[in-house]
Asks: 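This structure is in structure tokens; I'll ask about it shortly.
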There are 2 protein chains.
Amino acid sequence: MDAPPIAAVGKLIGDPTRALMLAALMDGRARTATELAVEAGVGRATASSHLARLTERGLLCVASQGRHRYFRLASDEVASMLESLMVFGAATPVAARVRRTTPEREARTCYDHLAGRLGVGLLDGLQRKGCLVLSTSGVTLSTAGRDLLCHHGIEVDTLARRRRPLARLCLDWSERRNHLAGGLGAALLDLLLTRGWVRGRDCTRAVTVTRAGRRALNVEFGVDV
Amino acid sequence: MDAPPIAAVGKLIGDPTRALMLAALMDGRARTATELAVEAGVGRATASSHLARLTERGLLCVASQGRHRYFRLASDEVASMLESLMVFGAATPVAARVRRTTPEREARTCYDHLAGRLGVGLLDGLQRKGCLVLSTSGVTLSTAGRDLLCHHGIEVDTLARRRRPLARLCLDWSERRNHLAGGLGAALLDLLLTRGWVRGRDCTRAVTVTRAGRRALNVEFGVDV
DNA sequence: TCCATGATTCGATCCTCGTCGAAGTATTTT
DNA sequence: AAAATACTTCGACGAGGATCGAATCATGGA
């Protein structure tokens, strides 16, 4: 009658303070222990103990820089798992049906890549253009896709050599469809931001598509925003 | 500073008793409140309150039959979400690396379909044979696939008319790759069991492939067990 | 070397929530 | 009708754990 493994993870995520920390880190950026303490509205001592437990369980990883300790999500698999929780997080099924379309549903970041309608659309568009081929073990980049992305300055070959998978799928809580994660997903968000095609809002994970972005995304990646 | 939605779901799964109930229901079968109380090692009153909360949140659904109330997972999306939690459930990353291959990793059921190496292999095989085509919104069945499954007595057209999606992907905690869920996944497990190609062990979710099954799976579905 | 700042550890406190027994409701059986 | 079974609601109890302040450790700058 011993508690199954999911209980431990659930308990970890179930605490409001830890959940706030995880939610804050969903944008993929690293934060110091004090920053997270403030964001969760809790004392430094409390935050420290929470962060230690999250790290120990493999949900977070930590990098010491000087006297600061920067915490971030351990991988985009963690982000993916958290997103899958949000499917049930919102409310009762009844309330979920009458839910409004929020900006977050339109376009947002998930860890370090795009999600929401835009994220799903991007994966769709790239697939229709024959740039991405979905297979069982995930998504793979076609030669055409490689050329397109290289043309936009993304160093695909460098990314491919990393330990991190080049392309992964992540189930979207708002669309209930997949969007593109992995190194490629991160590189694409990077590209869209530097080109000024999408603009991030500082406090939330929501992003907006610029007028130029709308056109460019359609022409380049076949996205119908 | 209000608690994010994931906290509520986490807290729900985080309780050992509720986790035991969910784990028990992962095989997809429905159980009465009393059965679940026994399986979780807890009184009837306690079980009842837990089941009410799980149902309210949309993780379980309930069907009243006479004086019995049968609880089961609300959908295979719940099973999919629980599997994604197990990726982090096992232990610390260090311990996870030296982990043995258990029977559960070889082949098991997840809700009402196959998972583990066999589940992943089945999806692989069907894809290689051109029976399934992976697309962004999920998997779709090709004409060739429809013919093959009908030939084995699966009433594909009937399944397609149901509200439940015909084919869905579910991330495997042991293989970290997708396996086949949805109505088709359920029908295939059914087929394999009635043909005697795999045999379920009663108490656990593990299944074993029979000698005849090994050959048949290879010939019919291109599975390399 | 000394102080300022970031982070962790420890001990004490407080509160949430899981637990059970008893009573109440619903449904089947006799 | 009455008894039996399945389940839920209610009230009270108790343990686990989240929280904080104070003390300690670690790093950087003067």
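Below, chain A is the first sequence line, B the second, and so on; all start at residue 1. Any value given below was found using the heavy atoms of this structure, including those in side chains, with hydrogens, waters and symmetry copies removed.
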Asks: B/L51 or A/G43: which one's nearest nucleotide on DNA chain D is closer to the 5' end?
Replies: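 Looking at the nearest nucleotide for each, B/L51 comes out on the 5' side.
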Asks: Are A/H50 and D/dT19 close enough that a side-chain N or O sits under 4.0 Å from OP1 or OP2?
Replies: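 Yes.
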Asks: Check this one for me: any side-chain N or O of A/R53 less than 4.0 Å away from OP1 or OP2 of D/dA18?
Replies: yes
Asks: Take atom OH of B/Y70 and atom P of D/dT8, then tell me their distance rounded to the nearest Å.
Replies: 13 Å
Asks: Between B/D15 (CG) and C/dT16 (P), how many Å, whole number?
Replies: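 Answer to the nearest Å: 17 Å.
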Asks: Look at the side chain of A/D172 and the backbone N and O of A/G116, then say whether any donor-acceptor pair between them is shorter than 3.5 Å.
Replies: yes
Asks: So which nucleotide from C/dG6, D/dA18, D/dA22 ends up closest to the side chain of A/A45?
Replies: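 The closest nucleotide is D/dA22.
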Asks: Could you please name the option among D/dT27, C/dT9, D/dT8 that lies closest to any side-chain atom of B/F71?
Replies: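 Minimum distance to the B/F71 side chain belongs to D/dT8.
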Asks: Side-chain N or O of B/S49 less than 4.0 angstrom from OP1 or OP2 on D/dT9?
Replies: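 No, outside the criterion.
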Asks: Nearest whole Å is fine: how far is D/dT19 P from A/L36 CG?
Replies: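 Answer to the nearest Å: 14 Å.
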Asks: Is the distance between the ring centroids of A/H152 and A/F221 less than 6.0 Å?
Replies: yes
Asks: I'd like to know whether CZ of A/R31 has more than 12 heavy-atom contacts from other residues, nucleotides or ligands below 6.0 angstrom.
Replies: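 Result for CZ/A/R31: enclosed.
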Asks: Which nucleotide wins on minimum distance to the side chain of A/R67, given the candidates D/dT5, D/dG21, C/dA4?
Replies: C/dA4
Asks: Between D/dA6, C/dG6, D/dC20, which nucleotide has the shortest distance from any of its atoms to the side chain of A/V42?
Replies: D/dC20
Asks: Whole angstroms only, please: what is the CG-C1' distance between B/L20 and C/dG18?
Replies: 14 Å
Asks: Touch check for B/A33, heavy atoms < 4.0 angstrom, all strands: base, sugar-phosphate only, or nothing?
Replies: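 Touches sugar-phosphate only.
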Asks: Distance check needed: D/dA6 P versus B/H68 NE2, whole Å only.
Replies: 6 Å
Asks: Kindly indicate whether the side chain of B/L118, heavy atoms from C-beta on, has any atom under 4.5 Å from the side chain of B/L217.
Replies: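 Yes, close enough: below the 4.5 Å cut-off.
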Asks: Hydrogens and angles aside, do A/R108 and A/S174 bring a side-chain donor and acceptor to less than 3.5 Å of each other?
Replies: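 Present: a donor and an acceptor within the cut-off.
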Asks: Side-chain N or O of A/K11 versus OP1/OP2 of D/dG16: is the shortest distance under 4.0 Å?
Replies: no
Asks: Between A/R18 (CZ) and D/dA18 (C1'), how many Å, whole number?
Replies: 8 Å
Asks: Out of C/dG18, C/dT19, C/dT29, which has the shortest distance to the side chain of B/T46?
Replies: C/dT19
Asks: How many whole angstroms separate atom CD of B/E56 from atom P of D/dT9?
Replies: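 So the CD-P distance, B/E56 to D/dT9, works out to 11 Å.
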Asks: Kindly say if B/R69 contacts the phosphate of C/dT27, meaning a side-chain N or O under 4.0 Å from OP1 or OP2.
Replies: no
Asks: Can you tell which of C/dT8, D/dT8, C/dT19 lies closest to the side chain of B/R44?
Replies: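 The answer is D/dT8, which lies nearest to the side chain.
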